[in-house]
Visitor: 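Can you keep this structure in mind? I'll have questions shortly.
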Amino acid sequence: MATQDLLEQILQTNITLPEALKGLADLKEFMINKLFGGTAPPSEALASQFPNLSELICNLDQKNVYEIFDQTEAALKATQPLIICVSSPLPPENIKEIARRVKQDFGKNFLIEIKIEPELIGGAALVFRGIYKDYSLRQRLLDHKTEILQILEKYVSK
Amino acid sequence: MDHKSNKNQPQEVGFVKSVRDFLVYLEGLPSIRINDIVANEEGARGWVNSLDQDKVEVLMVDEAQIVPGQLFKRTGEKLTISINDRFLGRVVNPLGKAIDSSGKIPSSASDMVFELDSLAPGINKREFITRQFCTGITLVDTIIPLGRGQRELILGDARSGKADFLVDIIFNQKQTGTICIYAAIGKPVAEISKLIETLNKTGIISYTVVVAASSADPAPLIFLTPQTAFSIAEYFQKKGRDVLIILDDFGIHAKVHREISLLAGKAPGRDSYPGDIFYQQSHLLERAGNFKKEAGGGSITALPVIEISLDDFTTYIPTNLMSMTDGHLLFKSSLYNQGQRPSIDIPFSVTRVGQQTQKGIQNFIATKVKQTLAQAKQLETVSSFSFELPYETQLILRQKEIIEELIKQPSLVYIPIEIQTILLTLPYSNYFKDKDQQFIKTYYDVLLEGFSSDPELLKITKAVFNFKNFPEFIATIDSIGPRLDQIIASHTISFVKKGGQ
């Protein structure tokens with residue numbers, strides 16, 4: 001099993017980077033246990049995340065297991081998620097839906113990270129690979145600051 | 001999200017990965033460059049010091065609470081300073097912001113923008129140093145002369161009179177039209193305040209710029225101080241002006257660089273200083289020099305200062321600085337306590353460039369004085385046996401005492417180089433054959449005034465550098481003996497008449 005295949009599987013079955021790292025850590029613990037004489041069955045979460053677990057076991061052995069998992073972990077940590085800055089915490093279902101749309105539009109291997117920034121007021125800002133694009137309500141208000149102030153001034157003077 | 005109505009241009013950002021005091025590591029900022037400025041949402045700024053494969057090292061110049069995960073944006077500015085003539089008379093911080101009580105420095109269309117960390121001009125833009133830098137202090141101008149564009153290290157232990165000496169030099173530039181830049185690098189706030197108060201009281205702030213970062217400021221800001229000072233110096237130099245820059249002190253600059261480097265995890269070298277400590281200081285001092293008209297003309301004379309411990313100048317940083325400068329003046333607290341001001345140890349002080357700027361007679365007198373002092377030092381051991389000394393030995397010892405009295409100079413007194421040359425020639429004249437140290441102590445001011453204002457003596461003062469050789473000059477000095485007697489006699493009479501006041 002190539003590192004790349006494992007990496008892709010991890011990325012496709014997880015939404016955020018911490019989740020992906022945890023999934024990988026759980027899989028590593030199970031694999032090492034299995035390869036070195038353990039008999040514990042896989043947990044439900046692991047089984048649901050990796051439906052082809054038996055196939056994975058066939059491709060690993062005692063000699064390559066550590067190397068493959070270390071390489072995969074390093075590659076995973078180097079992955080840059082799409083950072084979505086929002087003004088207030090989102091319910092888990094919304095996060096899942098956002099992740100689904102991101103994977104559908106940008107690729108299955110995309111991970112997301114949600115940051116809370118109340119200063120945005122509403123809307124969102126996106127950051128990917130160091131590029132920041134602001135689609136928040138705060139930026140819209142700033143863009144139309146002069147017009148808004150003129151309208152408010154007229155209102156106050158009435 | 002309505003993408004079509006978004007007018008924003010993409011902006012580069014980075015997130016804080018880790019923080020160590022004033023050192024922040026960011027992730028992101030894909031096309032950032034070294035010396036770019038970044039700022040967080042609260043406006044706290046830092047400059048990019050180095051770029052690793054996966055992180056950006058930023059040194060914070062504003063104090064702020066930085067936490068991992070915080071957003072930093074690229075401001076689009078570089079580490080530069082915008083300078084104009086209104087900087088004269090002001091006190092600024094290393095980012096060019098005024099920190100005195102006179103408000104913001106107004107900007108104008110003619111402002112010049114300088115990068116703080118620029119390369120020194122090459123040899124094709126420089127000229128030989130041929131003009132003397134007049135400090136107005138006899139000991140320096142005649143015996144250990146400096147040239148315009150020279151770099152001379154000022155080193156000495158604590159309370160050896162270095163600060164007073166530097167203020168005297170700045171004060172005496174009133175006569176020469178030189179612009180003075182004083183960089184206070186990591187000094188205590190009280191010291192900086194005292195210096196600014198002195199500059200204001202003496203009126204010399206009008207042609208001075210003070211660049212100050214106190215010991216309470218962040219280390220990166222202190223580190224930038226000499227770079228800002230040189231940038232301001234280069235502004236005036238490119239306008240054809242002569243500039244004096246004082247860097248007080250470079251020992252603190254080295255310590256700050258060490259602190260930053262150790263925090264950044266760089267491998268420590270000798271005395272835990274980073275390996276590039278020599279480069280950091282030498283590439284700054286290389287910005288001094290005497291420049292051709294094509295490069296703006298003008299000159300930058302640099303006086304870096306370092307405080308040493310217990311007269312030991314053989315440690316790492318002082319020896320580094322000695323090798324990257326064109327000479328050094330060694331101050332000793334023992335001489336200061338004995339009343340010699342400036343308390344420069346002549347045998348241990350060196351100037352490698354200044355002598356070529358002196359006139360013939362000046363150079364001759366300097367050599368003669370140094371020879372006399374050296375001979376006297378050897379003969380002092382003999383004289384301690386207190387038997388009858390030969391006349392020549394007694395003469396040399398007396399000349400040495402007179403010279404030592406002549407090179408003592410009160411604070412904030414400017415002596416033109418012509419009068420300095422005459423004063424130091426007096427011990428070798430017939431007029432002084434029967435005079436001693438006490439004579440100088442009593443009549444020093446009278447002699448100064450005489451050579452500055454008396455019509456007969458003034459003729460000689462103005463013609464000092466026209467003399468071709470020393471015997472001719474000595475003969476002229478001998479000829480004014482009677483006039484000197486008259487001046488001293490009339491001073492004594494009026495002194496007695498005023499009741500000894």
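In what follows, every chain begins at residue 1, and chains take the letters A, B, ... in the order their sequences are listed.
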Visitor: May I ask you to name which of B:G14, B:G69, B:P30 has the most heavy-atom pairs under 4.5 Å with chain A?
Guide: B:P30

Visitor: Considering only heavy atoms and a distance below 4.5 Å, find which of A:E119, A:K115, A:Q80 pairs most often with chain B.
Guide: A:K115

Visitor: Using 0.5 Å steps for rounding, measure from the CZ atom of B:F250 to the CD1 atom of B:I277.
Guide: 9.0 Å

Visitor: Are A:R138 and B:E41 ion-paired here, with the side-chain N under 4.0 Å from a carboxylate O?
Guide: yes

Visitor: Ring of B:Y25, cation from B:K55 - is the NZ or CZ under 6.0 Å from the centre and inside 45° of the axis?
Guide: yes

Visitor: Hey, what's the ring geometry for B:Y279 with B:H283, parallel, tilted or perpendicular (30° and 60° as the breaks)?
Guide: parallel

Visitor: Measure distances from B:L71 to the heavy atoms of chain A and classify the residue's part below 4.5 Å as side chain, backbone, both or neither.
Guide: side chain

